[in-house]
Amino acid sequence: MMELFQIKAEIPTGAAEATDSLLLELGAGEWSVLEDVIVRRAWVTGIFQSAKEANERWVELRALLPGAPLGETERRALADADWRDSYKAHFKAWQFGRLHWVPVWERATFALPPGEAVLWLDPGLAFGTGNHETTRLCVERLVALAADRGTVGRVIDAGCGSGILALSAAKLGYRDVAGFDNDPEAVRVSEENAALNGLGGQVSFYAGDLVSGLAGRSADILLANILANVLIEFARDLTAAVAPGGTLVLSGILAVECGQVRAAFAAMVPDWPQDSRTMGEWNDVVLTRPRS
């Protein structure tokens with residue numbers, strides 16, 4: 001049985017949203033924010049492979065938190081069943097269109113409706129649940145594009161993290177799917193999650209940044225769930241990698257930053273139509289490259 005270590009610290013409820021945003025900016029997928037709106041309490045919690053790693057990462061994170069922890073920090077060893085149970089209370093299956101995102105512990109009981117698809121999620125150390133607004137904005141766009149245009153064409157997930165967007169595309173029926181990340185560990189985790197979903201070898205994952213990862217490549221759908229300042233900095237590389245008639249889906253953008261992102265991309269590609277949606281405090285920006 002695998003033994004892991006959990007750190008859990010209560011934080012001011014007023015700091016929950018800012019803490020969640022911080023974790024996204026840091027790309028700290030091993031940390032999450034739990035909030036009980038009934039009793040008005042919130043916690044930041046992380047699960048690690050050793051007590052040493054847990055303590056070291058907590059020292060790093062604590063110095064950056066927007067609100068100081070309340071009281072003593074809880075540390076405890078978790079058996080495999082314990083950490084899975086700790087997530088079950090906070091992670092439920094969800095659906096958009098014909099694609100379902102379902103926790104692996106429901107695999108034996110989940111009944112998939114005919115003609116629909118499922119992506120099994122293991123919220124262990126890195127895969128996440130897809131519940132964050134920035135991820136949902138992307139996958140909802142992806143599902144809508146598949147319904148409107150069919151699943152022909154190349155999909156590239158830039159900054160793939162745990163691979164959830166690329167694997168969702170494959171589950172929808174796209175056959176030419178790739179994902180890359182500048183962190184080799186993210187590539188390894190993405191490949192593990194592909195295997196979990198019976199997609200081993202069907203999605204190409206590789207290491208690269210927004211220059212090398214897109215060099216010489218062209219996508220009919222390019223997904224980039226990163227950060228607003230990074231999207232703006234690499235606007236030229238991102239737009240250059242979109243095929244004629246293709247779609248660029250940008251996410252990881254705080255609502256207050258949306259205007260800046262739209263303006264930067266409008267300056268770069270003024271003839272590309274734009275669209276944007278808001279979910280919580282987050283926005284996406286979607287651009288379509290004209291066919292000629």
Side-chain angles (χ1 to χ4, degrees), residues 15-35 42 44 46 64 66 87 90-97 99-101 119 121 123 126-146 155-169 171-172 179-183 186 189-190 193 209-210 213 219 221-235 238 247-262 264-265 274-287:
E17 282 195 12
T19 302
D20 195 38
S21 299
L22 170 68
L23 298 181
L24 181 70
E25 292 173 6
L26 295 174
E30 67 276 15
W31 293 103
S32 59
V33 174
L34 307 178
E35 188 171 9
V44 60
L64 301 173
Y87 277 101
H90 303 282
F91 175 30
K92 307 298 181 184
W94 61 284
Q95 173 191 7
F96 185 79
L99 185 55
H100 301 251
W101 292 265
L119 185 69
L121 299 178
F127 200 17
T129 63
N131 282 329
H132 199 280
E133 290 93 337
T134 60
T135 307
R136 288 204 177 200
L137 284 165
C138 280
V139 291
E140 290 187 7
R141 292 286 190 178
L142 187 60
V143 171
L145 287 167
V155 179
I156 298 179
D157 179 8
C160 61
S162 58
I164 187 170
L165 297 178
L167 296 176
S168 294
K171 283 291 185 177
L172 285 168
F180 67 87
D181 201 286
N182 61 4
D183 182 357
V189 169
S190 294
N193 292 324
D209 56 29
L210 287 177
I221 300 175
L222 177 55
L223 306 163
N225 180 16
I226 309 178
L227 293 170
N229 63 313
V230 178
L231 296 173
I232 291 171
E233 180 181 354
F234 292 94
L238 289 163
T247 301
L248 174 60
V249 180
L250 308 173
S251 190
I253 305 164
L254 285 166
V256 295
E257 301 169 325
C258 187
Q260 295 173 272
V261 174
R262 295 191 67 158
F265 278 82
Q274 290 192 17
D275 183 30
S276 182
R277 292 191 309 151
T278 302
M279 187 179 292
E281 62 176 338
W282 300 94
N283 269 68
D284 66 4
V285 174
V286 176
L287 300 97

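Just so we're clear, the structure is a prediction, and the values are computed from it rather than from any experiment.
Looking at I253 and D284, their side chains never come closer than 4.5 Å, going by heavy atoms from C-beta outward. F234 places none of its side-chain heavy atoms less than 4.5 Å from the side chain of I226. Within the 4.5 Å cutoff, no side-chain heavy atoms of L167 are placed close to those of D157. V249 places none of its side-chain heavy atoms less than 4.5 Å from the side chain of L142. A 4.5 Å side-chain heavy-atom check between R141 and D275 finds at least one atom pair inside the cut-off. In this structure, L137 and W282 have side chains that are in contact, with non-hydrogen atoms separated by less than 4.5 Å.
Atom CD of E17 has 12 or fewer heavy atoms from other residues, nucleotides or ligands within 6.0 Å.
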D181 and S190: CA distance, side-chain angles, deciding distance, side chain to side chain contact (heavy atoms under 4.5 Å, CB included) verdict:
CA-CA 10 Å; D181 201 286; S190 294; over 6 Å; no

Quick one, L210 with F180, criterion side chain to side chain contact (heavy atoms under 4.5 Å, CB included). Give me CA distance, side-chain angles, the key distance, then yes/no.
CA-CA 9 Å; L210 287 177; F180 67 87; 4.1 Å; yes

Chi angles and distances behind the side chain to side chain contact (heavy atoms under 4.5 Å, CB included) call for W94, V139
CA-CA 12 Å; W94 61 284; V139 291; 3.5 Å; yes

Given the rule in the side chain to side chain contact (heavy atoms under 4.5 Å, CB included) test, do L250 and L238 qualify, once you have shown the distances and angles that lead to the verdict?
CA-CA 10 Å; L250 308 173; L238 289 163; 4.3 Å; yes

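For the atom pair CG of L172 and CG of L145, the computed distance is 10.0 Å after rounding to the nearest 0.5 Å. To the nearest 0.5 angstrom, Q260 atom CD is 11.5 Å from L231 atom CG. Rounding to the nearest 0.5 Å gives a distance of 7.5 Å between CG of N229 and CD of E257. K171 NZ to W101 CH2: the interatomic distance, rounded to the nearest 0.5 Å, is 12.0 Å. One finds the CG atom of D20 at 10.0 Å from the CG atom of L34 (value rounded to the nearest 0.5 Å).
T134 places no side-chain N or O within 3.5 Å of a backbone atom of S251 that could act as its donor or acceptor partner. Between the N193 side chain and the V189 main chain, a donor and an acceptor come within less than 3.5 Å of each other. A donor-acceptor pair is defined here as one N or O able to donate and one able to accept, closer than 3.5 Å; such a pair exists between the side chain of Q95 and the backbone of G97.
Side chain to side chain, T19 and W31 fail the donor-acceptor criterion of an N or O pair below 3.5 Å. At a cut-off of 3.5 Å, with distance as the only test, a side-chain donor of S276 or N283 sits close to an acceptor on the other residue.
Residues N225 and G252 approach most closely at OD1-N, 3.2 Å, considering heavy atoms. Taking both residues in full, the closest heavy atoms of L223 and V155 are given as CD1-CG1, 4.1 Å, listed atom of the first, atom of the second, then distance. Nearest heavy atoms, R277 versus R136: NH2-O, 4.4 Å.
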